[in-house]
Enquirer: 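Supplied in structure tokens, the structure appears directly below.
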Amino acid sequence: MNTYDQIIQLALERGFYFPSSELYADASAGFWEYGPNGVKIKNKFLDLWRRELVRRDNMIEIDGSQIMSKSVFAASGHLSNFTDPVVKCKKCASSFRADKLVQEVANIDVPERMANESVDKLIKEYNISCPLCKGELSNAERFNMMFKVEIGPNHDEAYLRPETCQSIFVDFSRIFKVSRGKLPLGIAQVGKSFRNEISPRQGLLRLREFYQAEIEVFCNPSKLDDLNKFDGIKNTILRFYDDRIIEISVEEALHKQIIPNKLVGYYLALLVEFFERTGIDKKRTRLRKLSDEEKAFYSTVAFDFEVDTSIGWLELVACNYRSDYDLKSHSTISKTNLEVMDDEVKVLPHIFELSLGVDRCIYSIMEHSYFIDRENDDRSVLKLKPYLSPIHAGVLPLLKKPGFKEKSSKLLAQIQKDFDVFYDEAGSIGRRYRRLEEIGTPFAFTIDHQTLEDDTVTVRYRDSMKQERIKIDDANSFLFTNVFTYENK
RNA sequence: GCGACGGUCGUCCAGUUUGGUCUAGGACAUCAGAUUGCCAAUCUGGUAACCCGGGUUCAAAUCCCGGCCGUCGCACCA
């Protein structure tokens, strides 16, 4: 069984995540739910994201609507560009990307945005048939990956947002004013996005409804290298991939023009430092500069932050320099001037975006944390960072005898307002330790005979299995110190 | 969306070839009790499943059709 299957099994058995609506046979693919443990790890992951990116860089966070008007997506380009021209074989019903098919067979350049009629014309002209069965092809159709919804009794057309960032763009003007913003300004948002994927697969890795944590940095395009805070991260090591991995400091990467300017370098560094805190193995991550073919339609420079998993390299964060694409077209379509003042000069800000897929991150963290301890009965341990663990600590009475439960309850009440704790008295003590470490609980407090005498408990560490004694009164400070530290114990 | 294969307790699997013995079995997990008392111990007992719909048949987990889901390949991945 590979690691991916083991993680899925753990997720199902222990309530991290599971398919949505599974009670019913008509449940569609691409929708998954977070169970009790999954929600906790997701919330803690987002706490870390806020701490390491939003707060660290004094960003602003908003929470926008999931349903947005048609005009938003007319301006964003999603109505016209978020589609692929598709032709179907009338005989065997296979479908193909029309532009790619024509390009291959006729050996001519076909722009992706070519009108359907022009594509049809080319198919006739070059007498193109189904590559599989030689059957006749249908006319080209556009498959739009946005979910359309109808508003009110008149069925007004609107869409579920395919990316969270559009809220940030359309709200930008007001946010900038009310927060007395100054460029560069990061605006962040966590929320759900919706894409009608043709074939969603692999659990959390490709969903039709998924969480994004996005950061849009609004900046003055003429001041991309005018950034004092760059000095704070210039020595941070980035791992770039292009045929092979290059480990290089941000400053060096700037000199070698791997990154275009200080602003991009600064935010890539913040991102990389954030991921170092998640428990994802840095040696199994890379930044990959995208070629022109791979880039999204709105992007001028793009890096993907990728992580190596048991099923290959996985894109976790798309880092796009979107220039003024978004504000310019929102400005045009809405007929609103979205320029702001920067040092007495009017500018239409450019945008550098860090668009993070939360669900994929959760999966990757679980996979990189999953550990089979060959030296200790092959126990399975989720070596999550303590601040990401669904449960911070277990409270375990060694015996089911008078006195033990009372002491346990006292300890429980004392720490559960500040921490996620789990009380367990069922089964042997070893069994209870194993249950806790399987879901990543870093600490277990055990109430034993000595507790009844001197109000001390043992703390058992998940990774080392070592124990030490502390006073019950010190349990909170122990947890504050050990849960939120970046050091591993 | 196409093709191949598959779908049985929470999880993993047996049972389907050849319809009846399946009132659906096991392991792990889980719950209750007993016992033990610091690393998955033992014993007893319990909960718990044939993906959905239709068809064939005296009889369907088993055969047929459709749908849904999953894995893999192709295509797709803004």
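Below, chains carry the letters A, B, ... as their sequence lines are ordered, and counting in each starts from 1. Everything numeric in this text was worked out from a predicted model, so none of it was measured.
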Enquirer: Check whether any side-chain N or O of A/R201 sits under 4.0 Å from OP1 or OP2 of B/rA75, and answer yes or no.
Expert: no
Enquirer: Aromatic ring centroids of A/F305 and A/F275 under 6.0 Å?
Expert: yes
Enquirer: Can you tell me the distance, in whole Å, between the CZ atom of A/R206 and the C1' atom of B/rA75?
Expert: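 Taking atom C1' of B/rA75 as the reference, CZ of A/R206 is at 10 Å.
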Enquirer: Report yes if a side-chain nitrogen or oxygen of A/R435 is closer than 4.0 Å to either non-bridging phosphate oxygen (OP1 or OP2) of B/rU30; otherwise report no.
Expert: yes
Enquirer: Determine: side-chain N/O of A/S428 to OP1/OP2 of B/rA40, distance under 4.0 Å, yes or no.
Expert: no
Enquirer: Quick one: the side chain of A/R431 and the base of B/rC39, do they pair up donor-acceptor inside 3.5 Å?
Expert: no
Enquirer: Whole angstroms only, please: what is the CG-C1' distance between A/N2 and B/rC72?
Expert: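 After rounding, the gap between these two atoms is 13 Å.
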Enquirer: I want to know whether A/F478 and A/F443 have ring centres closer than 6.0 Å.
Expert: yes
Enquirer: Using the side-chain contact (heavy atoms from CB on, under 4.5 Å) definition, which of the options A/L479, A/I472, A/T451, A/L412 pairs with A/F445?
Expert: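 Only one of A/L479, A/I472, A/T451, A/L412 forms a side-chain contact (heavy atoms from CB on, under 4.5 Å) with A/F445, namely A/L479.
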Enquirer: Picking from B/rU30, B/rC77, B/rC38, which would you name as closest to the side chain of A/D448?
Expert: B/rC38
Enquirer: In whole Å, I'd like the distance from the CZ atom of A/F31 to the C1' atom of B/rG70.
Expert: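 That distance rounds to 16 Å.
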Enquirer: Is there side-chain contact between A/D420 and A/K40, with heavy atoms separated by less than 4.5 Å?
Expert: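 They are in contact (side-chain heavy atoms under 4.5 Å apart), so the answer is yes.
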Enquirer: Nearest whole angstrom, please: distance from the C1' of B/rU30 to the CG of A/L436.
Expert: 16 Å
Enquirer: Is a donor-acceptor contact shorter than 3.5 angstrom present between the side chain of A/Q467 and the base of B/rC38?
Expert: yes
Enquirer: Please determine whether any donor N or O and acceptor N or O are separated by less than 3.5 Å between the side chain of A/Y24 and the base of B/rC51.
Expert: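 Check fails, no donor-acceptor contact within cut-off.
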